[in-house]
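See below for the structure under consideration.
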Amino acid sequence: MMDWFIAYVESVMRLAAPLMFAAMGGLISERAGLANIALEGKLLVSAFFAAAVAAWTGSAELGLFAGILSGALSGWIFGASTVWLKADHIVMGTAFNLLVVGVIPTLGKAWFGSSGSTPALGSEARIQAGIGFFVAGVFLVFVLSEALRRTRWGLRVHSAGESPDALLVQGVNPRRVRIGAACVAGALAGAGGVVLSLVQGSGYVRDMAGGRGYLALAAIIFGAWKPFPTLIACLIFAAADSAQMLLQGKSIFDVSVPASLIQTLPFLATLAILALRRARVSAPRAINQAL
Amino acid sequence: MRMTKSLSRTGVRSFWGVVFLIVGLSIGCTKKSSTDAQGGQDQDESGSKLQIGLVLDKGGKDDKSFNTAAWEGTQRAVRELGVKVKDVEAPDDAAFEPAIRTFAERGLPLVISVGFAQADALKKVAPQFPNTKFAIIDAQVDAPNVASLMFAEHEGSYLVGYLAGLASSTKTVGFVGGMETALIRRFLVAYEAGARAANPQVKVLHNFVGINMTAWANPTRGKELALTQIGQGADIIFQAAGASGLGVFDAIADTKNKKVYGIGVDSNQNWIKPGKIMTSMLKRVDVAVFDVIREVASQKFVPGVRSFGLKDKGVDYAVDEHNRKLIEPHQAKLEKLREDIVAGKIQVPDYYLQMKEQPKK
């Protein structure tokens, strides 16, 4: 029984890790006023580039670096296009996600002759971190929570999302704050992508984010745009998902439940959680507003 | 505000600058390899050689398993028969029908559908192109121009299940299936029966990756399921999950503190983690695909159902330098079992038959 419980807790931690990084990234950009529906695309981009660089160089470190860098760069593209070109955030985010779905198989074909996957990575090109990324993620939540409340950067991010005019009065350009936040957000989501392709997987497989970006967004909304409640939401999702895996194939009161029904558990949890919260009440006031 | 306006202008300029830079870089990077790829396509257009259309599923031709097996069959035909192959990977169920129809409309003499999920699409398209030959793997489509290539997965699964039951020291074995379908249940039911036949006390854990096509291409989920099963004591895990199965092997390679082994599927996967994969249940999709191409090339195409099983080695288990040490102690028993199954002395449970026998409610 104890073994079983430890296996469960470990599984929850593994499942939560990529979600946490993506959610924290999304949280920063949303707090700065950028509605970030493009998290899914950023996870995919960074997972792909991390795996591609790791496959070429055989180095996990370079892969990690490439993943975070490509995440930051796509964050910058997203931030710059919404701020300078005044694109609607939701439209832009959706466009970004669709773009990624097409671009990655094209690059995969050109670089690896595959339909969007990278070659399988050997153990030297992967990161053997176990639950290390989960621990790092929890640490990140602590840091972020403090930084948003107490540092100058955190307060500027907050103002960029709540009342950009107040920043202008102070002589701070809210556009720069937003783009900076978008880059940081992209880098964090990039770390989430690295977890997918270098830590949990051994290479990139098409669409491997599997909706985690959207789940992270749901976690942010449930967490009312605050780091700790968002972390809790990520853990609840991961716990439901992991329970789903353990319950598959087990019979409950001698009735064997079909796997397809059990597999809806995480989504039921999401639905229940979001229904119980008063969503959107505490969204940043200037979210999706052009500057 | 004027200041921010001018700022925004430099911003827009630098934005476009970077966009062009990225586009330029990616074109520069792709140029070399794309001309390589075109080398093959140019030949496509030149000769009057036979062209074959291959419709793959989401796992893609580099899933190192089911789709790869079909792909290898066509590549053998390219080498030995000099045919040309056009392939497409359908991103979702809705893409099968247009893909098959496009190939047929282009006048390709043979279109091969890889996977049971294409049966409905093929049922619609095949009658509309009576002069085109079609082949489908893992499903039966009754039409005068369709060959249905069926495999006795249950016979092979029973065999590797028996091996798992013999070799497990924890008396717990696992199964990770891709999409939850009758086909994958057919693997599971026979695997379970085989394991029990070897050791009645053995416990068989099973999980499915998902319930739609993405389940064939989700290795992180496959890995997580395998780790969960290892956590529950499983020491041998058989996967029938397309590209998701690669995650199962990752889980096995990453588990250092316990002795755990995997069993591969469809293609010979022993090489993926040498010494950690007990065997692979082979489904010679490559042979079946090659044979049907050869028939069309020599105008001897025969429609209808053809079955491949243990008897004709259409289904088999793999022994090579990567797993010989692992499998040797059990091989005599496995060979005996194979003979008994072929001779009909052992009835392997077949989920397809069980489904039919179940009273309809």
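Heavy-atom basis, side chains included; hydrogens, waters and symmetry copies ignored. So you know, we letter chains A, B, ... as the sequences are listed, proteins then strands, and number each from 1. From a predicted model like this one, the values you see are computed outputs, not experimental measurements.
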Inter-residue atom distance [X].[atom1] - [Y].[atom2], 0.5 Å rounding:
X        : Y        : atom1 : atom2 : result
A:Arg14  : B:Leu227 : CZ    : CG    : 4.5 Å
B:Leu246 : A:Ser202 : CG    : OG    : 6.5 Å
A:Met208 : B:Arg221 : CE    : CZ    : 12.0 Å

Interface residue of largest heavy-atom contact number with chain A, from B:Ile230, B:Asp254, B:Leu56, B:Thr214, under 4.5 Å
B:Asp254

Within a reach of under 6.0 Å around NZ of B:Lys276, are more than 12 heavy atoms found that belong to other residues, nucleotides or ligands?
yes

So, using side chain to side chain contact (heavy atoms under 4.5 Å, CB included) as the criterion, who are the partners of A:Leu167 when residues are at least two apart?
A:Arg156, A:Ser159, A:Ala160, A:Gln170, A:Val172, A:Pro174, A:Val177

Check [X] against [Y] and note the closest heavy-atom contact, atom names and distance.
X        : Y        : result
A:Ala7   : B:Gly231 : CB-CA, 3.9 Å
B:Thr228 : A:Leu246 : CG2-CD2, 3.3 Å
A:Gly201 : B:Thr220 : N-CG2, 4.0 Å
B:Ala217 : A:Val205 : O-CG1, 3.6 Å
A:Gln200 : B:Lys223 : O-CD, 2.7 Å

Is A:Arg206 paired with B:Asp63 through a side-chain N to carboxylate O contact shorter than 4.0 Å?
no

Flag the one option from A:Ser117, A:Gly210, A:Pro119 with the top tally of heavy-atom pairs under 4.5 Å to chain B.
A:Ser117

Non-hydrogen atoms of chain A under 4.5 Å away: do they reach the side chain of B:Val88, the backbone, both or neither?
neither

Against chain A, label B:Glu180 side chain, backbone, both or neither, depending on which of its atoms sit under 4.5 Å from a heavy atom there.
side chain

Is the shortest side-chain heavy-atom distance between A:Asp241 and B:Glu224 below 4.5 Å?
no

